[in-house]
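Structure first, then comments.
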Amino acid sequence: MDTTLTRRSFVKWGTATAGAAALVGFTGCAPGGDKAEDTSEGAQQKAGEWLNAPCYNNCSCGSSRCLNRVYVEDGVPLKIRTDEESEDTFAMPQRRSCLRGRAKISEVLSPARIKYPMKRKNFSLDNPQGELRGKDEWERISWDEALDLVAEGIKKMYDQYGPTGILCGASSNIGDGYYDQNVCLLNALGGSVHAEAGTVSFGSWAVMDTHMIGGFGMSNTPHHLQLVTSDLHVLFGCNWAANKAGNHTLYLEECRKRGAKVIVIDPWLSQTSQMVADEWIPILPGSDTALVIAICYEWINAGTYDQEFLDTYCIGFDGDHMPEGAPENASWKDYVMGTGYDMTPKTPEWAEKLCGVPADTIRALAAEIASVDKVDFNCAQSASKIPAGEQFVQSFYTMALMHGGIGTPGHYFGWSGVKEFMSSGIGTGAYCPVTADPANPLAPAGSPVYMYYPIPSFPTLEDPDSWLNLEPSECWRSILSGEYGRDCWPTGKRKVDIHAAYFGGHMSTLNQIPDTMNGIKAVRAMDFVWGVNPFFDSTRQYCDVLLPCATFWEKPNKAFGGDYASALWYDKIIDPLYEAKYESWIAEELATRLGLDPKVVNTLSDAERTYATVRDATYMDGATFESSTLLTIKQEEIDQFFPGVEGAPQEGKFTFQEFREKGILKAELSEDLFIPEPYMAFIADPEGSPLKTASGKFEIYCETAAYMINSVGYSTIAPIGMYQIGDPEQGAGTQTDEYPLLLWTPHSLRRAHSVNDNVVSLREAFPQECFISEVDAKARGIKNGDIVLMTSPHGKVLRPAKVIPTLVPGAVAIQDGAWFQIDEETGIDLGGCPNVLQAPKSSGGGCQAWTGTLVQVEKYTGDLTLEPDKNRPVVVPVGVE
Ligand SMILES: Nc1nc2c(c(=O)[nH]1)N[C@H]1C(S)=C(S)[C@@H](COP(=O)(O)OP(=O)(O)OC[C@H]3O[C@@H](n4cnc5c(=O)[nH]c(N)nc54)[C@H](O)[C@@H]3O)O[C@H]1N2
Ligand SMILES: Nc1nc2c(c(=O)[nH]1)N[C@H]1C(S)=C(S)[C@@H](COP(=O)(O)OP(=O)(O)OC[C@H]3O[C@@H](n4cnc5c(=O)[nH]c(N)nc54)[C@H](O)[C@@H]3O)O[C@H]1N2
Ligand code: SF4
Ligand SMILES: [Mo]
């Protein structure tokens, strides 16, 4: 391979599909002797440098990331390595990237890049012909034409319909690295409607965390140095080998080396189970509540639980520890033993019928957990993404509380693995001061994602004109029907009237929220849809005008949080490719055309923003929780790296130079470091350091949570955890002859959600398949590799079958994130996107309930042919080079 590529030939080369694919061969093939060189100056023109390009994917809910180092010659990224030079111990492990991270060259240079501003051929503002969205041809236009057209469209839409007529399919989370100034532009124009009430991500944990255990569970998980003190790890799902950035599987491996046992309960033998489980217990997706309750039944019967812990630190376990005014026989114990509520003892036989785990296995599991003192209970987010999923969370937490010992080494419960963020370690400064942005009058008070609050916000709702933030699951149906919410809300169901959409900032809205076919219908009925993205992904293909933006590699450098114990530094790797621009530039240009001061939508210059990230970065001591300045920065460095920015030299724990050179700074952890146990203060002094719950204790019987969830009206729950069929059309117990299988959608090794689906090598390595058990495949005459049609009441998807012996019968999976590609004749998705099938089920505190959508799978006998993903073109629309 000719390494004397010029930047010009490289950009040209990248436009050809085959050329971009050929670059894949370069990843990770650096000779071992390559060393970091001075990376202190602009990347582009110097030949042969290793630069820091931490992976920007949203793994572990966006909190935890790995280090990539990219070798750039004459502005051309040629190869990738990772965190290989630093020390690698259990206390301070390297943060090595996975296959997705190492395929970033192919992603950034993918033929799916939007190279120029594009317009749908048959679109005009006077005659949008919206029904052609997703199938029209595209044409290249100039930046001036594009900006004029988008500005005119925005003006027309705001004049005609006002802010409540515009849907913002972009993250309103403009306070961290995922920052799109175009959202600020909409805010400056009076706001827009977001579909971010509740959460698609955290599952049903948030409301219960707040009211049952007194804080966000993500911050109360153990540190990896604490994890090794448990003797047994009971993991519900938790496919950490595939979906935790970095080192979670390594931590489990270390636990095993030190003698601990790992049990995984999961519908399939996941990668994690294959690597580290001593035992795997298959279960029907979405039915863990029954298993957990039966385990507790066994413990109560055998007396193998910690009564003293329950008496001292919890309310609601038995009749003697109920809150005042609670009805008779309403405790957890009454429910489990059949002396209250439905008067049914929750025996292993009772549970077997619901969750598919044999009664004897449940008995053995209960006995085994009870026999071990130090147990770590952890759970996947997705196991709680079911209708009324809070009831599972309540049961799961109650099980861990019954086992006792919380607050002392080795006894843990949680849902996000080990500590990742919002905790001790190194934090980095604000990427952009949110307060400097104009307030969005339509945004509800509080954080955009309701982690801590139930939705909707009642005080705001009293005002009939307030609060247009749609629950994402119901977004498309709400738009089509013109109303959202529930009759029980203070002002009843609300009206919504959307005529335009912006699809930008770090979201692939049509692809990633359920009910895609209705999404397409809603979008096709709109007057104007514009988008900003680096890639021509499925959502962007349904726009009228597209503005190409730069990827993180092409943007100004900055500091970024790594995980709880590391901070990462980005260099600028290459100049923006083709005609891509920064979101900030696009927003400023549009603002100017709309008669606004561009400073309103972009309050900081690029250099100021980058400087803020390093200036404000802090180091938090893991033992004392004291924060101090992270970086020493000299005046010369401010002048050199942040030209035009006013700043003063500062003293910190590490030098800015070391940060830039290494790309990663790590907290100096050692195995003998004292780390406070989660809940330690409360356990030591329950009166003096009460939990932030209504009673100050762990609330097994939690009236506040039940009141809040029941008033929101998406689900009805009891104050204690209970097994229930949370929705008549979803989950175990609701299957029909027409749709007898339960769908679940584990996250994929190929992608971080929809990101990376354009990488051919990853498509080849991890085909998007319909995972089906041998039993169900045989019953349908399906063999491995056969093309199957997956059907739900909401859509149809064509995929090759992967017949797996180690997958629970009665359930099928396709993985989250594949870009949909609808065949217009049949309405069948050829891309394998689960959201084409997924039911729009809002649940509990505003959680999307993906798990357990009802589907049927059959051998496909129709006329469509399905090429393997690696051979399917990644960019579908006609007219795109
Ligand atoms: N590679 C990769 N990693 C990712 C992401 C990605 O897209 N790609 N996304 C990141 C983000 S934003 C998030 S929110 C997290 C999500 O993290 P999770 O919710 O933990 O992810 P999932 O892959 O859905 O599920 C993890 C495991 O739980 C199992 N599981 C699913 N449903 C059930 C159930 O009902 N019961 C039991 N017992 N097990 C079940 C799955 O089969 C899987 O093996 O992942 C993060 N990590
Ligand atoms: N069926 C099903 N659906 C799911 C899930 C599931 O398990 N099953 N999981 C859910 C979860 S947990 C989550 S967190 C969501 C995630 O879903 P989304 O929040 O929609 O996120 P992504 O799919 O990661 O999309 C990120 C987008 O940002 C774009 N992008 C990348 N870099 C830049 C940049 O520099 N600037 C701009 N402006 N854009 C950029 C990418 O091209 C991509 O279009 O999906 C949810 N959807
Ligand atoms: S995709 Fe996730 S796990 Fe892989 S390198 Fe990137 S941040 Fe790390
Ligand atoms: Mo997520």
Side-chain angles (χ1 to χ4, degrees), residues 56-64 98 100 107 112 169-171 177-180 182 199-203 235-245 264-273 281-288 291 355 379-386 389 392 415-417 472 503-514 531-540 549-555 582-583 586 742-758 771 807 811 813-817 819 833-838 848 850-853:
Y56 49 81
N57 280 0
N58 172 12
C59 283
S60 309
C61 256
S63 55
S64 178
C98 75
R100 295 180 299 286
E107 191 214 3
S171 177
Y178 287 161
Y179 185 57
D180 178 2
N182 290 286
T199 167
V200 295
S201 188
F202 294 116
L235 308 179
F236 288 73
C238 302
N239 191 9
W240 293 347
N243 65 25
K244 287 284 176 201
V264 179
I265 298 144
D266 197 309
W268 65 327
L269 189 75
S270 69
Q271 292 92 345
T272 309
S273 307
I281 298 175
I283 189 166
L284 276 173
S287 69
D288 304 66
L291 171 65
C355 68
C379 187
Q381 278 146 262
S382 53
S384 77
K385 292 179 177 178
I386 53 174
F392 166 64
W415 53 269
S416 68
F503 288 135
H506 303 278
M507 274 162 78
S508 187
T509 309
L510 268 177
N511 208 80
Q512 290 305 111
I513 58 177
V532 173
N533 203 282
F535 300 100
F536 223 127
D537 62 1
S538 49
T539 300
R540 259 42 68 169
C549 75
T551 67
F552 274 82
W553 278 21
E554 299 144 51
K555 286 189 188 136
Y582 302 149
E583 289 92 334
I586 297 169
L742 303 171
L743 176 73
W744 92 104
T745 62
H747 290 202
S748 169
L749 277 166
R750 163 161 140 191
R751 296 172 295 268
H753 304 293
S754 67
V755 172
N756 280 1
D757 208 37
N758 50 339
F771 298 159
L807 187 147
I814 45 170
Q815 297 187 278
D816 164 48
W819 295 6
C833 174
N835 285 312
V836 168
L837 299 168
Q838 300 246 250
Q848 160 44 225
W850 321 93
T851 306
T853 289

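Here the structure is a predicted model, which is why all the values come from computation and not from measurement. Counting convention: from 1, in listed order, for ligands and their atoms alike.
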How about [X] and [Y]: do any of their side-chain heavy atoms sit closer than 4.5 Å?
{"X": "N58", "Y": "V755", "answer": "no"}
{"X": "S508", "Y": "R540", "answer": "yes"}
{"X": "I513", "Y": "Q848", "answer": "no"}
{"X": "Q512", "Y": "D816", "answer": "yes"}
{"X": "N758", "Y": "W819", "answer": "yes"}
{"X": "Q815", "Y": "R750", "answer": "no"}
{"X": "W850", "Y": "V200", "answer": "yes"}
{"X": "F236", "Y": "I283", "answer": "no"}

List ligand 2 atoms under 4.0 Å from [X], heavy atoms only on the residue side.
{"X": "F552", "value": "35 (O)"}
{"X": "G505", "value": "38 (N)"}
{"X": "F535", "value": "42 (O)"}
{"X": "Q838", "value": "1 (N), 2 (C), 8 (N)"}
{"X": "S201", "value": "12 (S), 14 (S)"}
{"X": "K385", "value": "12 (S)"}
{"X": "N835", "value": "1 (N), 2 (C), 3 (N)"}
{"X": "P834", "value": "1 (N)"}

Does [X] have a heavy atom less than 4.0 Å from any atom of ligand 2?
{"X": "Q381", "value": "no"}
{"X": "K555", "value": "yes"}
{"X": "C549", "value": "yes"}
{"X": "A550", "value": "yes"}
{"X": "R751", "value": "no"}
{"X": "G504", "value": "no"}
{"X": "V200", "value": "yes"}

List every atom of ligand 1 that sits less than 4.0 Å from any heavy atom of [X], numbering the atoms from 1 in the order shown and giving each element.
{"X": "S270", "value": "44 (O)"}
{"X": "S748", "value": "1 (N), 2 (C), 8 (N)"}
{"X": "C238", "value": "27 (C), 28 (O)"}
{"X": "P746", "value": "23 (O), 24 (O)"}
{"X": "D288", "value": "34 (C), 35 (O), 36 (N), 37 (C), 38 (N)"}
{"X": "P285", "value": "35 (O)"}
{"X": "W744", "value": "31 (C), 32 (N), 41 (C), 42 (O)"}

Can you find an N/O atom of [X] closer than 3.5 Å to an N/O atom of ligand 2?
{"X": "T551", "answer": "no"}
{"X": "D180", "answer": "no"}
{"X": "T509", "answer": "no"}

Which residue from [options] reaches closest to [atom] through any of its heavy atoms?
{"atom": "atom 32 (N) of ligand 2", "options": "P472, P534, C833, G817", "result": "P534"}
{"atom": "atom 15 (C) of ligand 1", "options": "H747, Q512, H753", "result": "H747"}
{"atom": "atom 41 (C) of ligand 1", "options": "D266, I386, N239, I265", "result": "D266"}
{"atom": "atom 10 (C) of ligand 1", "options": "N243, L284, N58", "result": "N58"}
{"atom": "atom 23 (O) of ligand 2", "options": "A752, A112, G203, S754", "result": "S754"}
{"atom": "atom 6 (C) of ligand 2", "options": "N758, N57, D816", "result": "D816"}
{"atom": "atom 37 (C) of ligand 2", "options": "E107, R540, E583", "result": "E583"}

Review point. Under 4.0 angstrom from ligand 1, any heavy atom of A242?
Key: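 It does; at least one heavy atom falls under 4.0 Å.
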Review point. Can R100 be said to touch ligand 1, with heavy atoms closer than 4.0 Å?
Key: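 A heavy atom of R100 does come that close to ligand 1.
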Exercise for review: Give the contacting part of M507 toward ligand 2: side chain, backbone, both or neither, where contact means a heavy-atom distance below 4.0 Å.
Suggested key: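 Near ligand 2, M507 shows its backbone as well as its side chain.
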Distance, nearest 0.5 Å, that separates [atom1] of [X] from [atom2] of [Y]:
{"X": "N57", "Y": "C98", "atom1": "CG", "atom2": "SG", "value": "7.5 Å"}
{"X": "T539", "Y": "N533", "atom1": "OG1", "atom2": "CG", "value": "8.0 Å"}
{"X": "K244", "Y": "H747", "atom1": "NZ", "atom2": "NE2", "value": "10.5 Å"}
{"X": "L807", "Y": "F771", "atom1": "CG", "atom2": "CZ", "value": "8.5 Å"}
{"X": "T853", "Y": "N835", "atom1": "OG1", "atom2": "CG", "value": "9.0 Å"}

Exercise for review: State which residue, out of N243, N239, D266, fulfils the side chain to side chain contact (heavy atoms under 4.5 Å, CB included) condition with T272.
Suggested key: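 The side chain to side chain contact (heavy atoms under 4.5 Å, CB included) with T272 is passed solely by N239 among N243, N239, D266.
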Review point. Between N511 and D537, does a side chain to side chain contact (heavy atoms under 4.5 Å, CB included) hold up when you go through it step by step?
Key: CA-CA 9 Å; N511 208 80; D537 62 1; over 6 Å; no
Review point. If you take all heavy atoms of V532 and C549, which pair is closest and at what distance?
Key: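 Shortest heavy-atom separation between V532 and C549 comes out as CG1-CB, 3.7 Å.
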Practice item. Have a look at ligand 1 and work out which part of F202, if any, has a heavy atom under 4.0 Å from it: side chain, backbone, both or neither. Key: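 Looking at F202 and ligand 1, no heavy atom falls under 4.0 Å.
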Point to revise | Side chain, backbone, both or neither: S287 near ligand 1, heavy atoms under 4.0 Å | key: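 No part of S287 comes within reach of ligand 1.
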**Study point:** Exam field: side chain K385 to backbone G286, donor-acceptor pair closer than 3.5 Å
**Key:**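 Between the backbone of G286 and the side chain of K385 there is no qualifying donor-acceptor contact (under 3.5 Å).
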Practice item. Measure from the side-chain N and O atoms of T851 to the backbone N and O of S382, and report whether any donor-acceptor pair falls under 3.5 Å. Key: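 Side chain of T851 to backbone of S382: a pair is present.
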Review point. Do NZ/NE/NH1/NH2 and the carboxylate oxygens of E583 and K555 come within less than 4.0 Å?
Key: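 Salt bridge between E583 and K555, a charged N being under 4.0 Å from a carboxylate O: yes.
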**Study point:** Worked verdict on C379 versus F392 for side chain to side chain contact (heavy atoms under 4.5 Å, CB included)
**Key:** CA-CA 11 Å; C379 187; F392 166 64; 3.5 Å; yes
Review point. Should the ring pair W744 and W268 be called parallel, tilted or perpendicular, given that the plane angle runs from 0 to 90° and is split at 30 and 60?
Key: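 Ring orientation, 0 to 90° scale: perpendicular.
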Review point. Can you find an N/O atom of G286 closer than 3.5 Å to an N/O atom of ligand 1?
Key: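 Such a contact does occur with ligand 1.
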**Study point:** Contact (N/O only, under 3.5 Å) between K244 and ligand 1
**Key:**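 For ligand 1, there is no N or O atom that lies under 3.5 Å from one belonging to K244.
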